[in-house]
Amino acid sequence: ALEMQLTPMLMLLRSTLDQLQEKDTAHIFGQPVCIKEVPDYLEFISHPMDFSTMRSKLESHFYRSVSDLEADFNLMVSNCLLYNASDTVFHRAALHLRDLGGAVLRHAQRQATNIG
Ligand SMILES: CCOC(=O)c1ccc2c(c1)NC(=O)[C@@H](C)N2
């Protein structure tokens, strides 16, 4: 039945999101960028993204594939690379997360093909 087919994908997406967030050891991607702390952020970034928002979207069934999750992960990394100068800790952390996340996502994509 459909619900049986959807459940494995939800489980895979949760596991993948957990693995991606584990790579954020500085915990700078866990919550939306605070506009009170960074008042000009939305002048540069039109679509903010963070792991807590991704988790809400996942549980609301916005993601139907690993690619859907990957798109928001890439958006989150790209926002950080765009807003933060290249000589900042934030920019360097985004480059590192992009590299570590790529391996996680490639493995998840292979597992997704085994689901059906
Ligand atoms: C309490 C002050 O926090 C921040 O200024 C801050 C906190 C977290 C941030 C961030 C800024 N900028 C970013 O681009 C994303 C990746 N993370």
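All values reported here derive from a predicted model rather than from experimental measurement. Just so you know, residue 1 is the first one in the sequence shown, and it goes up from there.
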Between atom [atom1] of [X] and atom [atom2] of [Y], what is the distance when rounded to the nearest 0.5 Å?
X   : Y   : atom1 : atom2 : answer
D72 : Y63 : CG    : OH    : 3.5 Å
F29 : K23 : CZ    : NZ    : 14.5 Å
L17 : L58 : CG    : CG    : 6.0 Å
L13 : D68 : CG    : CG    : 8.0 Å
N84 : I28 : CG    : CD1   : 7.5 Å

message = Quick one, R92 with H96, criterion side-chain contact (heavy atoms from CB on, under 4.5 Å). Give me CA distance, side-chain angles, the key distance, then yes/no.
response = CA-CA 6 Å; R92 175 62 53 187; H96 189 50; 5.6 Å; no

Using side-chain heavy atoms (C-beta onward) and a distance below 4.5 Å, is [X] in contact with [Y]?
X   : Y   : value
Y41 : N79 : yes
Q21 : M54 : no
M11 : T7  : yes
L42 : V33 : no
L10 : H61 : yes
E59 : R14 : yes
E70 : S65 : no

Check the hydrophobic clustering (I, L, V, M, F, W, Y; side-chain heavy atoms under 4.5 Å; chains of links allowed) and say if [X] and [Y] are grouped together.
X   : Y   : answer
F90 : M49 : yes
I35 : M76 : no
L20 : M9  : yes
L81 : F44 : no
V77 : I45 : no

For [Y], does its backbone N or O pair with a side-chain atom of [X] as donor and acceptor, under 3.5 Å?
X   : Y   : value
D24 : L97 : no
D40 : E43 : no
S78 : N74 : yes

ask   = Can you list the steps and then say if R55 with D50 is a salt bridge (Lys or Arg N to Asp or Glu O under 4.0 Å)?
value = CA-CA 9 Å; R55 198 165 296 276; D50 68 285; over 6 Å; no

request  = Inspect the surroundings of NE2 in H91 and state if more than 12 heavy atoms from other residues, nucleotides or ligands are less than 6.0 Å away.
outcome  = yes

Donor on one side chain, acceptor on other, S15 and Q19, under 3.5 Å = yes

query = What are the two closest non-hydrogen atoms of L12 and A108, and how far apart are they?
reply = CD2-O, 3.7 Å

key: Verdict with reasoning, Y83 to V38, per side-chain contact (heavy atoms from CB on, under 4.5 Å)   = CA-CA 10 Å; Y83 182 81; V38 191; 3.1 Å; yes

message = Under the criterion side-chain contact (heavy atoms from CB on, under 4.5 Å), I'd like the reasoning laid out for T16 against Q111: C-alpha separation, chi angles, the key distance, then a yes or no.
response = CA-CA 10 Å; T16 303; Q111 290 185 291; 5.5 Å; no

